[in-house]
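Before any comments, here is the structure.
All ligand and atom numbering here is 1-based and tracks the order in the structure.
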Amino acid sequence: MKISHYLIALSFVLGCLTSAKATTLDTTFRADGNPIIKYKYTADPAAMVYKDKVYLYTGHDEAAPGHNGYTMHDWACFTSTDMVNWTEHPSPLNVKEFKWAKADAWASQVIERNGKSYWYVAVEHGTIPGKAIGVAVSDSPLGPFKDARGSALVTNDMTKAVKHSWDDIDPTVIIDKDGQAYLFWGNGICYYAKLKSNMTELDGEIKTITLPHYTEAPWVHYRNGWYYLSYAYEFPEKIAYAMSKSINGPWEYKGIINELAGNSNTNHQAIIEFKGQWYFIYHNGALVPDAGSFHRSVCIDYLYYNKDGSIKRVIMTSEGVKPVK
Ligand code: FUB
């Protein structure tokens with residue numbers, strides 16, 4: 001091992017020790033390119049812009065070195081006003097908050113409505129075999145978040161489109177211009193359903209969307225009259241997308257926007273606009289010492305559109321993005 005590798009590993013260990021403080025204190029850092037967080041493993045980014053600030057929520061990969069599987073217990077929250085200087089806040093949510101769940105703090109998304117923040121999560125259900133979707137609520141996007149229902153919002157016995165038990169993962173929520181909220185989710189098939197205005201109950205039937213080579217990780221965003229549904233494509237995952245003039249479709253497949261993320265089977269994107277610039281936030285497996293599919297790290301690069309509204313292919317970079325004013 002080269003001396004530089006020792007130094008990187010040492011800084012990671014020191015970073016982990018420092019980040020232990022992050023459970024009770026805010027920790028500030030400046031992202032030095034990608035991955036943006038270098039002192040712990042972060043995955044499944046979801047981001048929200050709220051009151052001139054970006055809130056970045058991530059999962060937390062804690063698998064033992066060499067372990068071939070996810071070990072994820074809590075979620076993390078970071079904020080920034082320029083996409084480069086970040087503050088990590090004390091973890092606002094742990095899978096233990098959901099008494100009906102038994103494990104697995106998988107992918108999630110937070111959205112704000114009427115001054116409350118709603119955090120949709122995928123976890124393993126304690127009594128209904130399979131993954132499930134829960135929702136937590138808080139008066140602040142920094143938490144603390146409390147289980148909003150005391151039960152799962154979606155369980156595996158409610159969805160029958162595919163046979164495996166982990167199809168109810170990767171929730172993403174959008175509130176349409178008319179105020180109607182929609183939940184999209186799914187592994188192997190993309191499900192969606194309306195949410196009641198209380199944001200904690202489904203409103204009507206669960207529908208499916210057929211998308212080429214759909215794996216998981218749907219993310220829906222809106223720009224200039226178009227709805228965009230991006231998702232993880234094939235496995236190992238690239239990110240592809242479809243466009244529609246209506247949130248209810250039909251969705252037209254438009255192609256791949258991100259190639260395989262380095263050293264990770266998954267890629268899991270979030271797409272936001274902040275201060276006039278669009279960002280593609282994803283994870284790769286680039287951070288030593290244990291980099292890989294179960295030790296992932298969040299990265300940020302720019303996202304650009306063509307004149308017709310289609311999305312240009314993302315260029316993943318080591319340098320990342322520059323501070324935005
Ligand atoms: O982090 C666990 C799972 O890996 C997520 O739910 C998927 O999107 C993939 O990133």
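For ligand 1, the atoms lying closer than 4.0 Å to a non-hydrogen atom of Thr266 are 9 (C), 10 (O). Short contacts between ligand 1 and Ala107, defined as distances under 4.0 Å to a heavy atom of the residue, involve ligand atoms 6 (O). Close approach to His268 involves these atoms of ligand 1, each under 4.0 Å from a residue heavy atom: 7 (C), 8 (O), 10 (O).
Polar contact check, Trp106 against ligand 1: no nitrogen or oxygen pair lies under 3.5 Å apart.
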Exercise. Should Ser230 and Gln269 be marked as a side-chain hydrogen bond (donor to acceptor under 3.5 Å, both in side chains) after you check the CA-CA gap, both sets of side-chain angles, and the distance that decides it?
Worked result: CA-CA 8 Å; Ser230 52; Gln269 82 297 354; 3.0 Å; yes

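The aromatic rings of Phe294 and Tyr70 sit perpendicular, their planes meeting at an angle over 60°, well past the 30° parallel limit.
Looking from atom 9 (C) of ligand 1 to the surrounding protein, the closest heavy atom is Glu216 OE2, 3.3 Å. With hydrogens left out, the protein atom closest to atom 6 (O) of ligand 1 is Asp170 OD1, 2.6 Å, a heavy atom. Atom 1 (O) of ligand 1 has its closest protein heavy atom at Asp44 OD2, 2.4 Å.
Residues Asn248 and Tyr192 bring a donor and an acceptor atom of their side chains to less than 3.5 Å of each other.
Under the 4.0 Å criterion applied to side-chain N and carboxylate O atoms, Lys40 and Glu88 are assigned as salt-bridge partners. Between Asp147 and Lys99 no salt bridge is recorded (no basic side-chain N to carboxylate O distance below 4.0 Å).
Heavy-atom distances between Arg296 and ligand 1 reach below 4.0 Å in at least one pair.
The side-chain heavy atoms of Ile209 and Tyr214, taken from C-beta on, include no pair separated by under 4.5 Å.
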